[in-house]
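Beneath this line is the structure, given in structure tokens, with notes to follow.
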Amino acid sequence: MLDTIAAISTSLGVGAISIIRVSGNEAINIVNKIFKGKNLNEVETHTIHYGFIVENSKKIDEVLVSVMKSPKTFTMEDVVEINCHGGIATTKKVLELLLINGCRLAEPGEFTKRAFLNGRIDLIEAEGIMDLIDSKTEVARNLAMEEVSGNTSNLIHQLREKIVEIISQIEVNIDYPEYDDVKELKNNEIIPFIKDVKQELSKIIKMSENSKIIKEGINTVIIGKPNVGKSSILNALIEEEKAIVTDIPGTTRDVVEGVLNLDGIILNIIDTAGIRETNDIVEKIGVSKSLSLIDKSDLIIFVLNNNEPISEEEKEILEKIKNKPHIVIVNKIDLESKINLDNQDYIRISVKNNIGLDKLKSRIKELFNIEKLNTSDMNYLVNSRSLAILKNCNQILDGILDNIDNDFPIDMLEIDIKEVWNLLGSIIGETYEEELLDNLFSRFCLGK
């Protein structure tokens with residue numbers, strides 16, 4: 001991190017202004033070489049200065065330059081931001097002059113990566129910045145702000161502090177058994193502690209799964225036989241003619257996607273090819289995709305035709321989805337009823353006559369407790385990486401309890417307890433691998 005980096009931090013295109021960010025030990029010196037105005041090396045920190053960007057005394061653009069000296073900056077390095085007129089040619093020319101005079105083009109997310117490596121933020125806060133940029137709803141924005149502000153990180157810090165206490169007690173017992181004033185710690189005495197940590201961890205996992213729904217939305221797949229009204233339901237939900245609708249069975253041959261904002265929660269809805277036996281190669285591929293999406297989705301909407309008896313194939317699908325979050329819809333209730341669903345719970349609708357869609361939306365809200373999600377505590381993790389680590393920690397804690405039942409020596413138990421402590425540290429970046437950082441920050445935009 002000894003070099004000085006530069007990148008365009010605003011969207012490249014026609015606009016009022018563009019911002020080019022520079023960070024590093026030579027940031028002020030390099031910008032000063034191409035700036036005509038005050039000597040930037042002599043100005044106070046966190047000040048803005050009017051002048052021109054020049055090349056060989058030729059004016060390139062009229063600008064405002066913000067000078068922020070370390071350590072009170074985002075990267076904790078010297079940072080200079082050039083506010084120039086918006087426009088592709090002007091912005092690229094200013095960046096080009098910076099690169100000619102000693103800057104290196106920043107990699108995606110490198111400014112945020114430097115903020116992390118310099119101790120300005122932890123990994124949760126870094127991921128929160130990306131979530132804030134990507135947030136599509138007000139609820140998701142609020143969730144991301146909790147990450148950025150450090151409130152979510154405090155949960156992990158507090159949990160690690162609890163674990164350190166028990167590790168310290170175990171190590172005192174192991175290292176100083178001869179001391180009379182050191183109470184010998186028995187296996188059964190750490191059971192309440194392990195259960196307490198496990199209970200707290202389980203709560204964080206549950207709330208984090210809810211938070212993940214807020215951030216990423218509910219992946220919803222609409223399945224059913226051809227011509228039951230799947231595409232019409234998609235179009236009605238998103239209020240857009242996204243899918244082609246005809247009376248010809250097999251019209252939808254591939255997945256069609258749409259997005260519904262349901263009280264601040266995003267539903268990523270996929271309309272699939274009708275499930276049936278077919279000799280058409282293209283349609284057969286679509287049917288195969290439809291079946292595979294059942295296992296990958298958070299919610300399955302299974303559509304049946306009120307005007308047809310339920311088939312054996314449809315009964316098989318009902319059996320396949322019974323243990324997954326699902327909603328059964330009987331469409332075309334404006335036609336004569338020929339269907340028999342016995343004790344199956346379902347919603348009756350007619351997309352053609354706009355009947356029952358509100359009931360469908362209400363059922364989705366009930367199924368995912370959406371109203372409670374919107375008002376619940378936001379101080380929880382939201383990304384798949386952190387959630388996977390938490391679940392791994394929970395499994396290790398289960399193993400520790402089993403090992404206590406099998407009378408494992410306490411120093412063996414300590415190894416697993418330390419592993420939980422280290423894994424929790426990897427969530428906030430106390431422990432990390434370079435490959436992880438490269439992968440995480442590569443998903444950021446270039447100027448962030």
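For clarity, every value in this text was computed on a predicted model and none was experimentally measured.
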**OP:** Kindly indicate, with the supporting measurements, whether the criterion side chain to side chain donor-acceptor pair (under 3.5 Å) is fulfilled by Ser153 and Asp122.
**Re:** CA-CA 8 Å; Ser153 303; Asp122 62 30; 2.7 Å; yes
Nearest 0.5 angstrom please: [X] [atom1] to [Y] [atom2], how far?
{"X": "Asn29", "Y": "Leu40", "atom1": "CG", "atom2": "CG", "answer": "9.5 Å"}
{"X": "Asp402", "Y": "Leu397", "atom1": "CG", "atom2": "CG", "answer": "11.0 Å"}
{"X": "Leu390", "Y": "Leu424", "atom1": "CG", "atom2": "CG", "answer": "6.5 Å"}
{"X": "Leu237", "Y": "Ile301", "atom1": "CG", "atom2": "CD1", "answer": "6.0 Å"}
{"X": "Asn83", "Y": "Thr10", "atom1": "CG", "atom2": "OG1", "answer": "8.5 Å"}
{"X": "Lys418", "Y": "Glu414", "atom1": "NZ", "atom2": "CD", "answer": "4.5 Å"}

Least distance between heavy atoms, [X] atom then [Y] atom:
{"X": "Asn118", "Y": "Thr75", "value": "ND2-O, 2.7 Å"}
{"X": "Asp416", "Y": "Ile396", "value": "O-CG2, 3.7 Å"}
{"X": "Trp421", "Y": "Val164", "value": "NE1-CG2, 2.9 Å"}
{"X": "Leu357", "Y": "Ala236", "value": "CD1-CB, 3.4 Å"}
{"X": "Lys69", "Y": "Val43", "value": "NZ-O, 2.9 Å"}
{"X": "Leu423", "Y": "Ser426", "value": "O-OG, 2.5 Å"}

Ignoring hydrogens and angles, state whether a donor on the side chain of [X] or [Y] is under 3.5 Å from an acceptor on the partner side chain.
{"X": "Asp78", "Y": "Asn25", "answer": "no"}
{"X": "Asp61", "Y": "Thr90", "answer": "no"}
{"X": "Ser23", "Y": "Glu77", "answer": "yes"}

Subject >> Chi angles and distances behind the salt bridge (charged side-chain N to carboxylate O under 4.0 Å, His left out) call for Lys324, Asp298 >> reply: CA-CA 8 Å; Lys324 304 175 186 294; Asp298 302 314; over 6 Å; no
Taking atom [atom1] as the centre, does [X] end up with more than 12 heavy-atom neighbours from other residues, nucleotides or ligands that are less than 6.0 angstrom away?
{"X": "Glu200", "atom1": "CD", "value": "yes"}
{"X": "Lys33", "atom1": "NZ", "value": "yes"}
{"X": "Asp358", "atom1": "CG", "value": "no"}

Subject >> Geometric cation-pi criterion, Arg21 with Phe111: 6.0 Å, 45° >> reply: yes
Subject >> Worked check of side-chain contact (heavy atoms from CB on, under 4.5 Å) between Val67 and His49 >> reply: CA-CA 8 Å; Val67 176; His49 306 278; 4.2 Å; yes
Counting C-beta onward and ignoring hydrogens, is there a side-chain heavy-atom pair between [X] and [Y] closer than 4.5 Å?
{"X": "Val79", "Y": "Phe74", "answer": "no"}
{"X": "Val303", "Y": "Ile223", "answer": "no"}
{"X": "Leu304", "Y": "Tyr346", "answer": "no"}

Counting N and O atoms only, with roles assigned by atom type, does the side chain of [X] sit under 3.5 Å from a partner on the main chain of [Y], one being a donor and the other an acceptor?
{"X": "Thr73", "Y": "Met76", "result": "yes"}
{"X": "Asn331", "Y": "Val228", "result": "yes"}
{"X": "Asn101", "Y": "Ile34", "result": "no"}
{"X": "His46", "Y": "Lys72", "result": "yes"}
{"X": "His326", "Y": "Ile321", "result": "yes"}
{"X": "Asn403", "Y": "Gly399", "result": "yes"}

Only distances under 3.5 Å count here; give the side-chain donor-acceptor pairs of residues 91-99 to other protein atoms, sequence neighbours excluded, each with its distance to 0.1 Å.
| unit_1 | atom_1 | unit_2 | atom_2 | d |
| --- | --- | --- | --- | --- |
| Thr91 | OG1 | Ser18 | OG | 3.0 |
| Thr91 | OG1 | Gly87 | O | 2.7 |
| Lys93 | NZ | Glu55 | OE1 | 3.1 |

Indicate yes or no: does [X] engage [Y] in a salt bridge with an N to O separation below 4.0 Å.
{"X": "Asp398", "Y": "Lys198", "result": "yes"}
{"X": "Lys322", "Y": "Glu319", "result": "yes"}
{"X": "Arg104", "Y": "Glu110", "result": "yes"}

**OP:** Only one of Leu155, Leu387, Ile124, Leu159 passes side-chain contact (heavy atoms from CB on, under 4.5 Å) with Ile427; say which it is.
**Re:** Ile124
**OP:** Sort out for me which residue in Ile166, Leu401, Ile163, Leu413 forms a side-chain contact (heavy atoms from CB on, under 4.5 Å) with Ile194.
**Re:** Leu401
Subject >> Criterion side-chain contact (heavy atoms from CB on, under 4.5 Å) on Ile417 and Ile400, from CA distance to verdict >> reply: CA-CA 8 Å; Ile417 295 172; Ile400 292 171; 3.7 Å; yes
Original post:
What do the steps show when you test Ile327 against Leu360 for side-chain contact (heavy atoms from CB on, under 4.5 Å), and what is the final call?
Top reply: CA-CA 8 Å; Ile327 298 172; Leu360 172 58; 4.0 Å; yes
Original post:
Going through the distances and angles, do Val330 and Leu341 end up as a side-chain contact (heavy atoms from CB on, under 4.5 Å)?
Top reply: CA-CA 10 Å; Val330 174; Leu341 284 173; 3.6 Å; yes
